[in-house]
Number of protein chains: 6
Amino acid sequence: MRPSGRKLDQLRAVSIETNTSLHAEGSCLIRMGNTHVICTATIEDKTPPFLKNTGLGWVTAEYGMLPRATTSRTRREAAAGKQGGRTQEIQRLIGRALRAGIDRSALGERQIVIDCDVIQADGGTRCASITGGWVALRLAVNKLLKAGIITSDPLIDNVAAVSCGIYAGQPVLDLDYPEDSVAGTDGNFVLTGSRRLIEVQMSAEGSTFTRDQMASLLDLAEKGIAELVHTQNTAVG
Amino acid sequence: MRPSGRKLDQLRAVSIETNTSLHAEGSCLIRMGNTHVICTATIEDKTPPFLKNTGLGWVTAEYGMLPRATTSRTRREAAAGKQGGRTQEIQRLIGRALRAGIDRSALGERQIVIDCDVIQADGGTRCASITGGWVALRLAVNKLLKAGIITSDPLIDNVAAVSCGIYAGQPVLDLDYPEDSVAGTDGNFVLTGSRRLIEVQMSAEGSTFTRDQMASLLDLAEKGIAELVHTQNTAVG
Amino acid sequence: MRPSGRKLDQLRAVSIETNTSLHAEGSCLIRMGNTHVICTATIEDKTPPFLKNTGLGWVTAEYGMLPRATTSRTRREAAAGKQGGRTQEIQRLIGRALRAGIDRSALGERQIVIDCDVIQADGGTRCASITGGWVALRLAVNKLLKAGIITSDPLIDNVAAVSCGIYAGQPVLDLDYPEDSVAGTDGNFVLTGSRRLIEVQMSAEGSTFTRDQMASLLDLAEKGIAELVHTQNTAVG
Amino acid sequence: MRPSGRKLDQLRAVSIETNTSLHAEGSCLIRMGNTHVICTATIEDKTPPFLKNTGLGWVTAEYGMLPRATTSRTRREAAAGKQGGRTQEIQRLIGRALRAGIDRSALGERQIVIDCDVIQADGGTRCASITGGWVALRLAVNKLLKAGIITSDPLIDNVAAVSCGIYAGQPVLDLDYPEDSVAGTDGNFVLTGSRRLIEVQMSAEGSTFTRDQMASLLDLAEKGIAELVHTQNTAVG
Amino acid sequence: MRPSGRKLDQLRAVSIETNTSLHAEGSCLIRMGNTHVICTATIEDKTPPFLKNTGLGWVTAEYGMLPRATTSRTRREAAAGKQGGRTQEIQRLIGRALRAGIDRSALGERQIVIDCDVIQADGGTRCASITGGWVALRLAVNKLLKAGIITSDPLIDNVAAVSCGIYAGQPVLDLDYPEDSVAGTDGNFVLTGSRRLIEVQMSAEGSTFTRDQMASLLDLAEKGIAELVHTQNTAVG
Amino acid sequence: MRPSGRKLDQLRAVSIETNTSLHAEGSCLIRMGNTHVICTATIEDKTPPFLKNTGLGWVTAEYGMLPRATTSRTRREAAAGKQGGRTQEIQRLIGRALRAGIDRSALGERQIVIDCDVIQADGGTRCASITGGWVALRLAVNKLLKAGIITSDPLIDNVAAVSCGIYAGQPVLDLDYPEDSVAGTDGNFVLTGSRRLIEVQMSAEGSTFTRDQMASLLDLAEKGIAELVHTQNTAVG
């Protein structure tokens, strides 16, 4: 029934290749089917001004998309002179999600910037960015621990994300673009490794939904996240 | 227990004053406690380019805040030269929420722009904007119906929104700013008059949450929305 | 003869409601007929860099207009990405006018920002902003005096403004939009409570004018300002 | 008494060199003492959209200043990414002033753009721009008349401008920068060749002023404008 | 002598992987040592306005760099709100270089946009972009030919580029970042497959150079380009 | 054969008028035929941040063009809100070229900003800017030397620039606009007074070129530069 032939509760093929960047403190290339995102982590010795002298660290994220990551070419935001509303919404979500999995006191007064750049898009780029972004963050934090710069691990738990939606009347896991573009309702779910909720965003796109449907999607999300967390853990070794 | 002395499931004092604008096709001033928002609806005879010749209409929203709507002065976005990420996220939400309550075919090829301008802020400005925005929309659509420009009502149901969150370990309805600024988890819920869900956005701010907590917040939201819908209906007569 | 039925030397109905903002140090809502402006004053403990260590204070202003304050919707400047020339011209005028009524040494090294936001426009918004802006300034300065932060009153005199113009060949006081849009000549006059001149801006819009006409408009302005100053004083108590 | 040794009612040395540009339809270099402005007129076959099919023409102006036209280097507006408020205010004034001297119906549906670029500044740049801008406009219009593109002269009268102010307690004509920077009151006066008023802009900079002082400055302006109009007429032959 | 141990006239390891993008009409990932660039070609049915009705086509390019392509993180241009001078200079060069290898009449009135996005940088990114950009262009044009949309091949010859410079007093081929950052003189050379010159850009960075040195660098460039052209031809089959 | 009647190796009439600015530390007006550029030098006591505490100075340049310097009016960059790619490319070239002729250690930790503003354009504006920019720089440095602020001359040699190109199949010196707009190949050459090379930029515009043609253009450039250096030296006395 799904355009890809997948089962209702089946993720796309997922792979996470680590250390793909020569320069970054942490990096990976995550592939969720045809959605490919490069995630890098940069450690900076300064924090945003509002954290000055609090002893707390920060994690923030930026998101971008290559112009031809999409079916037809999307205008380059640097040429347009600003980041669009969608970009800002996504990068705020990634930062918020990753911060929920971190003990900012253990990180100390430093900032880690997660850059998520979509080199190919087929739906679910914000979720792939969170899942891959956590891997880049994990690797960068490992470097800090190994160098003795910090002594206790600030990462409380894995953070991963997946989208689910009502496609052709059925709840399905991990929407790809052909599904996403026609889904009546879709949601993004960010969970920890121990299945606690970090972020739930559900939207009616053209039709409203019920509490029961919401529960079904959340069930699917829990299943998908468990698999993604396993992939994350395998990738970081 | 709440700073305002309200009960856990108690909304702030709500009022909706209609026809507050001399010029707009629909307008109101909504007050949710100390949060005050001017909402206006403008009918335009054109739609966005992607709807050209589809027979479908569009509802979009813009959001702003007076510089001194806030405790300390916020920099004017027009002076800063761009709308911030938060503003864009909110106005995209308002537009999406209101579109979910409309039959775009019955509206015909025209656009209604909802402007929501916060003149005083005390938490929950995006929810007040949606609830008040729907009233402005309702009044503008009434004008189209009365003038015979459209013949069937494109508004399927009321659309209203409320925030809920975990404050001091307890689920509470309709967070004001003192609550919102320390809540561990908070959510925005957009529902129809018949309690179908349009948008659910829950975020862990500093702590994760469970499915049970999510359900409690949704229960509170349903109660609050019922009261808001009643206030909307009284206001539009 | 005037569209509104007013006499040639008659102001529109004026009202100034004070303390309309929960947060601002001074605030009012001024109504000159259908022109409604929210004015707030924000006290800041810093001055512009060029006043560093001079012991002198500063008053500056910003001006904005809600998109649907006008007959047809005006594009939001924050969305356009810049303040237009008209906006900048007006806010420079408001700041200059209010500074002329202040002893900057008595104010001390602090800045007061006056925000004037037009929520409904029917001509004369810049003049209403100056008249209302002075009230917000007066209230904020009162707060400084009451708190003993400053000891001598920096406000030398009232500052108020009114527009006059040649409408249908006749000098008239306080142009509303229907008059303003066809006036051959119009002027904005800023005076003190003791009728000294602060700013005179007269423009030929389509026809030139004479010194005699200029004198007639100034006569009208003096009459109108006297009434506005009375309203200001009543409002601030 | 004046820093330059000039008499109270004495203009600076004025010269207007015409046809200084190889490419423009009209051009001049105006020198008012050490203030030097290049003015060019460009004829365009289109008008702003709001004049479409009205048969009326338009004159508009843009103003700029070379970075080192000033005592210390001023940041290039193109590098800053926007025209400042002062620039916009000045170019709006120049356009408005020149339009007041033109029969827009005789001009026909075309636009003339006047560019005023200050290559050296010593006070009074906006007035020099208007006086020189009119010369560029006159030469461009002459070209249209000579080519038979228009048949009746749209220029009704000369337009010229001069600044006057209260310097060291005395009304003086044509302020240079040392005077302008300390003047308590200053004004810009735009008049026609037959001494009708187009624009009067008087500002209290630090001290208020009286109607009598205003009259004295206007007397000086009338004297100065007469001389400037003579120089204009000599320049255009 | 070279940090990498390469011979003076030795290129870095070069590879060009084609069809790396699911969506683009032509694409490759070019690796010149640690410099990695994704190049995509997008065919558009419209040309820039100045080519309207000329029967001529256009090739243009845009260039970008992921924030952490560099040793330390570079600010994202989309967040900064504009493309920097270096970016604009490079993308103008890429476009100009590729246009020199194309018969614009044979291409017909369409535009091909080449996007070059550096995912990892180690010197020579503009040259890699040109060499890889030509491959993406070749593949896109092949698609047009195969589909019968154009009938004669608009690509006259290969276009490839390499940098050379004086490093430690010696002319060397294909500078990497450690060499580039200290080279006294460096140049970028764009040649065709038949070794005709398209673009020569030589700069003294800290020391001037002679005609003889220029000739030596050009000799090296010719050798390197021959190898790059061979790699291009192998890649496109 | 040339539109201007010049010989193949003949420069346009060149003149350099010095001290044209009342305010700048160094200034000139350079005329190369109908290309006229005002060049000013501003001495600043600060350097860019990356030179802090290095003891080294900096020379940078900005470039602009009056809107009607060109045959048809060019949009003002300040109004457009950004400097175009061509402007940025040119001003980077001017700065780089002038820095190559300076001993930055002898200059000490200060910056000299060279502003080059084209008031009339007829081809070769970037070359005229470099040649005139060096004169402004020379005069500003002379002032530093005379005042004893620096004691050894940081200017190593003259820096001058000229364009050459293949016009109608022939190598010609100093292209004017009619030649430049149709030249198949053109180049800009920056040399020192002792004929060492600083910058060579050759581009195929529509046709490729050979090493022999490149050598011919360089021969012409050397001849032209010798004459320009002579003119520079005469101008600075």
Just checking heavy atoms, which of residues 129-143 of chain D are less than 4.5 Å from chain F?
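Contacts with chain F: none.
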Closest-packed option against chain D by number of heavy-atom pairs under 4.5 Å, given F:Ala121, F:Ser27, F:Ala78
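That would be F:Ala78.
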With chain D, the option among F:Ile38, F:Asp122, F:Thr42 that has the most non-hydrogen atom pairs under 4.5 Å is F:Thr42
Tell me which of these, D:Leu22, D:Thr40, D:Thr20, has more heavy-atom pairs under 4.5 Å with chain F than the rest.
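It is D:Leu22.
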Going by residue number, which parts of [range] are within reach of chain D, meaning a heavy-atom gap below 4.5 Å?
range: residues 81-104 of chain F; answer: F:Gly81, F:Lys82, F:Gln83
range: residues 45-75 of chain F; answer: F:Glu62, F:Tyr63, F:Gly64, F:Leu66, F:Pro67, F:Arg68, F:Ala69, F:Thr70, F:Thr71, F:Arg73
range: residues 107-120 of chain F; answer: F:Val113, F:Asp115, F:Cys116, F:Asp117, F:Ile119, F:Gln120

